[in-house]
Amino acid sequence: MPEAYIVDAARTAVGRRGGGFAASHPADMAAHVIKTVTGRHDFDPADIDDVILGCLDNIGSQAGDIARTSALAAGLPESVPGVTIDRQCGSAQQAVSFAAQAVMSGTSDIIVAGGVQKMSQY
């Protein structure tokens, strides 16, 4: 069985509700992290099999498939899909678990996984 590895990690700075990031779109914040991580490695972004992001309570600018929106905002090719999951307090952890399962099952090779949450939305 193939093994899954976390190759890199990044995050945005932590902000306060209504603070310095309040005007930033959450998809742009996630896109910044995606660009940072993918930019550190020498591979074709079209080889990414999926972008899986956890997001608690997809409302406002977080509504819809913010994983797909973030992938496109990061400049990934349109051929790279994205899926958003909501597992309440464990959404990002579940995204990473689903990514590992896909790699270990042999159905995927490269997945970007994590989470996005903007409390100023509430």
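Predicted, not measured: the structure shown is a model, and the values here were computed from it. Just so you know, these numbers use all the heavy atoms, side chains as well, and skip hydrogens, waters and symmetry mates.
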Drop me the distance from [X]'s [atom1] to [Y]'s [atom2], to the nearest 0.5 angstrom.
| X | Y | atom1 | atom2 | answer |
| --- | --- | --- | --- | --- |
| I85 | Q94 | CD1 | CD | 5.0 Å |
| L72 | D65 | CG | CG | 9.5 Å |
| D47 | S79 | CG | OG | 9.0 Å |
| Y5 | M104 | OH | CE | 10.0 Å |

Considering all heavy atoms, the nearest [X]-[Y] contact:
| X | Y | value |
| --- | --- | --- |
| Q62 | K118 | OE1-N, 2.6 Å |
| A95 | G54 | CB-N, 3.9 Å |
| I66 | L53 | O-CD1, 4.4 Å |
| A102 | I111 | CB-CD1, 3.6 Å |
| C55 | S91 | N-CB, 3.6 Å |
| D109 | V103 | O-CG2, 3.9 Å |

Distance-only check: which donor-acceptor pairs under 3.5 Å involve side-chain atoms of residues 24-36, not counting sequence neighbours?
unit_1, atom_1, unit_2, atom_2, d
H25, ND1, A27, N, 3.0
T36, OG1, H32, O, 2.8

Please check if atom CZ in R40 has more than 12 non-hydrogen atoms from other residues, nucleotides or ligands closer than 6.0 Å. yes

Hey, is CD on E78 packed in by over 12 heavy atoms from elsewhere, all under 6.0 Å? no

From CA spacing to verdict: side chain to side chain contact (heavy atoms under 4.5 Å, CB included), V112, V37: CA-CA 9 Å; V112 175; V37 170; 5.8 Å; no

Looking at D49, is its backbone amide N or carbonyl O close enough to the side chain of S108 to form a donor-acceptor pair, meaning the two atoms are under 3.5 Å apart?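 Looks like no, no N/O pair under 3.5 Å.
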
Checking D50 side chain against I52 main chain: does a donor-acceptor pair fall under 3.5 Å? no

Take V80 and V51 through the side chain to side chain contact (heavy atoms under 4.5 Å, CB included) test and state the conclusion after the steps. CA-CA 7 Å; V80 177; V51 174; 4.0 Å; yes

I59 and M119: same hydrophobic cluster, using ILVMFWY side-chain contacts below 4.5 Å? yes

Given the rule in the side chain to side chain contact (heavy atoms under 4.5 Å, CB included) test, do R87 and F98 qualify, once you have shown the distances and angles that lead to the verdict? CA-CA 12 Å; R87 175 99 46 188; F98 282 163; 4.2 Å; yes

Yes or no on side chain to side chain contact (heavy atoms under 4.5 Å, CB included) for H41 and V7, after CA distance, side-chain angles and deciding distance? CA-CA 9 Å; H41 303 279; V7 177; 3.8 Å; yes

Check: P45 and T38 side chains under 4.5 Å, non-hydrogen atoms: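 T38 vs P45: side chains apart.
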
Sequence-distant partners of T69, side chain to side chain donor-acceptor pair (under 3.5 Å), two or more places apart: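 Applying side chain to side chain donor-acceptor pair (under 3.5 Å) to T69 gives none.
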
